[in-house]
**Student:** 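Following this message is one structure expressed as structure tokens.
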Amino acid sequence: MKKTLSAVALSAICIAAATTSAVSHAASNAPSFDNAGISYVNLDTSGGSASGFAIDFESSALANNWLISVDYLYASDDLTVNNINVDFEASNLYANLGYKFYANDSFTAYASGGVTWVDSQASSSALSVNDDDTGWNLQLGVRSKLTELFEIDANVRHVDVFDTSDQELSLTARYYLTANASLGLNYTFADSDSSYFGLGGSYHF
């Protein structure tokens, strides 16, 4: 009887250990939706290029697969337009509420929507122009942890602002230095007149 109980107990411990290991492995391979990051950004437009920074924040702390995300971009430079020196600044903000509608151990599909704010300023020795507007955006994306160290994200975003609409296609690759720190490379194509890439780091919590 004691041998039988010992065997059952040993089997239970082995099953529990195997289950815990499997859950831990699955969790380590799940793509991250809890992070904050900053990156260097280079913006290409029809009038030239500008450099700046981007700040992004994501949290899936909300219940039942809901998530929030905030993305801010700022770029500035001195451009030459028709032989005139122009100081250019651009800011862009997305604040979204999202939902992860499909997920397995290493792959997640998500959708989000929210507010868009855009501000642009251009000034020269003779003229200064400032234009800003608030609109909305919808985003659909997929994120996958290809290995424990490498993660990719691809998403398309519909943006409605300044009484017009555009679509952005964004691709991001992350390499994890540790479980809580990663380096990221991003490329976003907005339209034939503008695109940008970013290189930075993120903290995962």
**Student:** Would you say the rings of Phe150 and Tyr175 are close, in the sense that their centroids are separated by under 6.0 Å?
**Tutor:** no
**Student:** Looking at side-chain heavy atoms only, is the closest gap between Leu169 and Asn155 below 4.5 Å?
**Tutor:** no
**Student:** Flag the pair Asn104 / Ser106 as yes when at least one side-chain heavy-atom distance between them is below 4.5 Å, and no otherwise.
**Tutor:** yes
**Student:** For atom CG of Asp163, is the number of surrounding heavy atoms from other residues, nucleotides or ligands below 6.0 Å larger than 12?
**Tutor:** no
**Student:** Quick check: closest heavy atoms across Asp34 and Ala61, and the distance to 0.1 Å?
**Tutor:** OD1-N, 3.9 Å
**Student:** Which value, rounded to the nearest 0.5 Å, describes the distance between Leu67 atom CG and Ser59 atom OG?
**Tutor:** 8.5 Å
**Student:** With clusters defined by side-chain heavy atoms of hydrophobic residues (ILVMFWY) lying less than 4.5 Å apart, directly or transitively, does Tyr72 cluster with Ile38?
**Tutor:** yes
**Student:** Less than 4.5 Å apart, any side-chain heavy atom of Tyr94 and any of Val118?
**Tutor:** no
**Student:** If you take all heavy atoms of Val86 and Ala122, which pair is closest and at what distance?
**Tutor:** CG1-CB, 3.9 Å
**Student:** Test side chain to side chain contact (heavy atoms under 4.5 Å, CB included) on Ser91 and Trp117 and set out the steps.
**Tutor:** CA-CA 8 Å; Ser91 300; Trp117 175 76; 3.8 Å; yes
**Student:** Could you walk me through whether Asp87 and Glu89 pass the side chain to side chain contact (heavy atoms under 4.5 Å, CB included) check?
**Tutor:** CA-CA 7 Å; Asp87 294 328; Glu89 295 183 39; over 6 Å; no
**Student:** What is the minimum heavy-atom distance between Gly113 and Leu138, and which atoms define it?
**Tutor:** CA-CD2, 4.0 Å
**Student:** If two hydrophobic side chains count as joined below 4.5 Å and joins carry through other members, does Trp66 share a cluster with Val115?
**Tutor:** no
**Student:** Determine, using the 4.5 Å side-chain heavy-atom cutoff (strictly less than), whether Ile55 and Tyr203 are members of one ILVMFWY cluster.
**Tutor:** no
**Student:** Should Leu149 and Leu183 be regarded as members of a common hydrophobic cluster, given that ILVMFWY residues are connected when their side-chain heavy atoms come within less than 4.5 Å of each other, either directly or indirectly?
**Tutor:** yes
**Student:** Hey, quick one: are Ile68 and Phe101 part of the same hydrophobic cluster, counting side-chain heavy atoms closer than 4.5 Å, chains of contacts allowed?
**Tutor:** yes
**Student:** Applying ring pair (Phe, Tyr, Trp, His ring centres under 6.0 Å), run through Phe53 and Tyr74 and close with a yes or a no.
**Tutor:** CA-CA 6 Å; Phe53 65 91; Tyr74 172 84; 5.8 Å; yes
**Student:** Do you see a donor-acceptor pair shorter than 3.5 Å between the side chains of Asn42 and Ser49?
**Tutor:** no
**Student:** Apply side chain to side chain contact (heavy atoms under 4.5 Å, CB included) to residues Asp133 and Phe162 and explain how you reach the verdict.
**Tutor:** CA-CA 6 Å; Asp133 194 22; Phe162 290 118; 3.3 Å; yes
**Student:** Can the positive tip of Arg143 be found less than 6.0 Å from the middle of the six-membered ring of Phe107, inside 45° of the ring normal?
**Tutor:** no
**Student:** Does any part of the side chain of Tyr99, heavy atoms only, come nearer than 4.5 Å to the side chain of Ser112, both counted from C-beta?
**Tutor:** no
**Student:** Cation-pi check for Phe33 against Lys100: NZ or CZ below 6.0 Å from the six-membered ring centre and within 45 degrees of the axis, yes or no?
**Tutor:** yes
**Student:** Mind checking whether Trp136 and His158 have parallel, tilted or perpendicular rings, split at 30° and 60°?
**Tutor:** tilted
**Student:** Looking at Asp160, Asn96, Asp71, which one forms a side chain to side chain donor-acceptor pair (under 3.5 Å) with Asn137?
**Tutor:** Asn96
**Student:** Going by the side chain to side chain contact (heavy atoms under 4.5 Å, CB included) test, name the single residue among Thr188, Asn186, Leu73, Leu199 that passes it with Val41.
**Tutor:** Leu73
**Student:** Could you pull out the closest heavy-atom pair between Leu43 and Ala75, with the gap in Å?
**Tutor:** CD2-CB, 4.1 Å
**Student:** For Gly37 versus Ser202, what's the shortest heavy-atom pair and its separation?
**Tutor:** CA-OG, 3.8 Å
**Student:** By the definition side chain to side chain donor-acceptor pair (under 3.5 Å), identify the one residue from His204, Glu58, Arg174, Glu151 that meets it with Ser32.
**Tutor:** His204
**Student:** Would you kindly say whether Ser128 and Ser123 are connected by a side-chain donor-acceptor distance under 3.5 Å?
**Tutor:** no
**Student:** Side chains of Phe57 and Asn35: does their closest heavy-atom pair fall under 4.5 Å?
**Tutor:** no
**Student:** Scan side-chain atoms only and decide if Thr172 and Asp153 contain a donor-acceptor pair under the 3.5 Å cut-off.
**Tutor:** no
**Student:** Will you find, in the side chains of Glu168 and Tyr196, an N or O donor that is under 3.5 Å from an N or O acceptor?
**Tutor:** no
**Student:** Looking only at atom types and distance, does a side-chain atom of Asp132 sit under 3.5 Å from a main-chain N or O of Asp119, one as donor and one as acceptor?
**Tutor:** no
**Student:** Is there a side-chain hydrogen bond (donor to acceptor under 3.5 Å, both in side chains) between Asp44 and Ser195 once you walk through the steps?
**Tutor:** CA-CA 5 Å; Asp44 287 320; Ser195 63; 4.5 Å; no
**Student:** Would you indicate whether the side-chain heavy atoms of Asn29 and Thr147 approach each other to under 4.5 Å?
**Tutor:** no
**Student:** Mind checking whether Leu146 and Ile152 have side chains closer than 4.5 Å, heavy atoms only?
**Tutor:** yes
